[in-house]
Amino acid sequence: MRVDDLFQLASVSKTITAVAIMQLIENEKIQLEDSVQKFLPEFPYKGITIRQLLSHRSGLSNYMYETENYWKDSNMYMQNKDLLTFIQTQKPKPYNYPNTCFSYCNTNFALLPLIIEKVSGKAFHDYAFEYIFKPAGMRQTFFLGHQPNYIHSRVLIGRYDQYEYNTPYYSDAILGDKSVYSNVEDMLMFHLAL
């Protein structure tokens, strides 16, 4: 393994999503106490704020346990907008009332990119590249499905070692909670930029 080998960050990707949200807050485009419905009116649950999504206190159920039987198209990845449609039409039962307890949940961070896109007018992967990766000097970092042509480092697909291959999973293209590929060098640049 080399320091420029690329690997999926998995849930470490959430830190990038959180930075994007906090940039919008610093630029007074959104507020922590804003309701999700302010930006996504089709979202069926009231009383959930951006702060609750960021802090895993929304009470929402984890989409990774809810959508596996719902997503039937094995030729296409499920994306964030598809997840919102699932939530809107299927209304999975929340685990808890909003802001009553901490419950780690990927759904929280899969909804945040939709808010970022609505507020910024940019696709989430473009926003992250322009306002996080590029200014930080993260020249090898990208989202699954959005790999720039100039990246030539070896991408490690396996989650445990370089020889294990995991077949793509239907939800791998949902951004915000995962799906960022990076390497040790770029993660140092991210650390220094923070």
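Expressed to the nearest 0.5 Å, how far CG of N106 lies from NZ of K178 amounts to 6.5 Å. Between the CG atom in L24 and the CG atom in L32 there is a gap of 11.0 Å [rounded to 0.5 Å]. Between the CZ atom of F142 and the CZ atom of F129 there is a distance of 12.5 Å, given to the nearest 0.5 Å. Note that the OG atom of S182 and the CG atom of L6 stand 6.5 Å from one another [nearest 0.5 Å]. To the nearest 0.5 Å, the span separating CD1 on I25 from CD1 on I30 amounts to 4.5 Å. The CD atom of E42 lies 11.5 Å from the OG1 atom of T89; values are rounded to the nearest 0.5 Å.
N99 has its side chain out of reach of I48: every pair of non-hydrogen atoms, C-beta onward, lies at least 4.5 Å apart. Using a 4.5 Å heavy-atom cutoff, the side chains of V19 and Y131 are not in contact.
Residues meeting the salt bridge (charged side-chain N to carboxylate O under 4.0 Å, His left out) test with E26, sequence neighbours left out: none. E28 pairs by the side chain to side chain contact (heavy atoms under 4.5 Å, CB included) definition with nothing, not counting sequence neighbours. T85 is linked by a side chain to side chain donor-acceptor pair (under 3.5 Å) to nothing, counting only residues two or more places apart in sequence or in another chain. When the side chain to side chain donor-acceptor pair (under 3.5 Å) test is applied to Q23, the partners found at least two apart in sequence or on another chain are Y127. Listed by chain and residue number, Y170 satisfy the side chain to side chain donor-acceptor pair (under 3.5 Å) test with T67 (two or more places apart in sequence, or in another chain). Taking the side chain to side chain contact (heavy atoms under 4.5 Å, CB included) definition, one finds that N27 meets it with K29, sequence neighbours left out. Here D34 pairs with K38 under the salt bridge (charged side-chain N to carboxylate O under 4.0 Å, His left out) rule; sequence neighbours left out.
Here the closest heavy-atom approach between residue P98 and residue G47 is recorded as CB-O, 3.6 Å. Residue P92 comes nearest to S61 through the heavy atom pair CB-OG, 3.6 Å, listed as atom of the first residue, atom of the second, then distance. Taking each heavy atom of S103 and N96 in turn, the nearest pair found is CB-ND2, 3.9 Å.
Here salt bridge (Lys or Arg N to Asp or Glu O under 4.0 Å) pairs that include residues 82-110, with residues two or more places apart or in two chains, number zero. Screening residues 51-68 for salt bridge (Lys or Arg N to Asp or Glu O under 4.0 Å), with sequence neighbours left out, gives E33-R51. Note on residues 17-43: pairs passing ring-ring contact (aromatic ring centres under 6.0 Å, His included), not counting sequence neighbours, are F43-Y45.
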Verdict with supporting geometry, Y181 and L9, side-chain contact (heavy atoms from CB on, under 4.5 Å): CA-CA 6 Å; Y181 280 77; L9 297 182; over 6 Å; no

Intermediate values then yes/no, side-chain contact (heavy atoms from CB on, under 4.5 Å), K81 and L84: CA-CA 5 Å; K81 63 181 173 48; L84 182 58; 5.6 Å; no

F86 vs M78, side-chain contact (heavy atoms from CB on, under 4.5 Å): CA-CA, chis, key distance, verdict: CA-CA 10 Å; F86 167 78; M78 186 178 202; 4.2 Å; yes

Intermediate values then yes/no, side-chain contact (heavy atoms from CB on, under 4.5 Å), S171 and M64: CA-CA 8 Å; S171 67; M64 298 186 86; 4.1 Å; yes

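Formation of a donor-acceptor pair under 3.5 Å by the K72 side chain with backbone atoms of N69 is found in this model. Under the 3.5 Å distance criterion, the side-chain polar atoms of N183 are matched with a main-chain donor or acceptor of D4. Checked by atom type and distance alone, the side chain of W71 never pairs as donor or acceptor with a backbone atom of L83 at under 3.5 Å. Between the T49 side chain and the Q52 main chain, a donor and an acceptor come within less than 3.5 Å of each other.
Below 30°, between 30° and 60°, or above 60°: for F102 and Y104 the angle between ring planes is between 30° and 60°, a tilted geometry.
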Residues 108-125 side chain polar contacts: donor-acceptor under 3.5 Å, at least two apart:
| unit_1 | atom_1 | unit_2 | atom_2 | d |
| --- | --- | --- | --- | --- |
| N108 | OD1 | S58 | OG | 2.5 |
| N108 | ND2 | H56 | ND1 | 3.2 |
| N108 | ND2 | C105 | O | 3.2 |
| E117 | OE2 | F124 | N | 2.9 |
| S120 | OG | I116 | O | 2.7 |
| S120 | OG | K122 | N | 3.1 |
| K122 | NZ | E130 | OE1 | 3.1 |
| H125 | NE2 | H146 | ND1 | 3.3 |

Could you list the donor-acceptor pairs under 3.5 angstrom formed by side chains in residues 186-194, with sequence neighbours left out?
| unit_1 | atom_1 | unit_2 | atom_2 | d |
| --- | --- | --- | --- | --- |
| D186 | OD1 | R139 | N | 3.4 |
| D186 | OD2 | R139 | N | 3.2 |
| D186 | OD2 | Q140 | N | 2.7 |
| D186 | OD2 | T141 | N | 3.0 |
| D186 | OD2 | T141 | OG1 | 2.7 |

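When L53, V36, I87 are each tested for a side-chain contact (heavy atoms from CB on, under 4.5 Å) with L60, only one passes: L53.
For the 3.5 Å distance criterion, the side chains of Y63 and D177 qualify, holding a donor opposite an acceptor. At a cut-off of 3.5 Å, with distance as the only test, a side-chain donor of S11 or K14 sits close to an acceptor on the other residue.
Both I21 and L40 are assigned to one and the same hydrophobic cluster, defined by single-linkage of ILVMFWY side chains at heavy-atom distances under 4.5 Å. In the hydrophobic clustering of ILVMFWY residues, with side-chain heavy atoms under 4.5 Å counting as a link, Y97 and L54 come out apart.
The environment of CD in Q90 is crowded: more than 12 heavy-atom neighbours from other residues, nucleotides or ligands sit within 6.0 Å.
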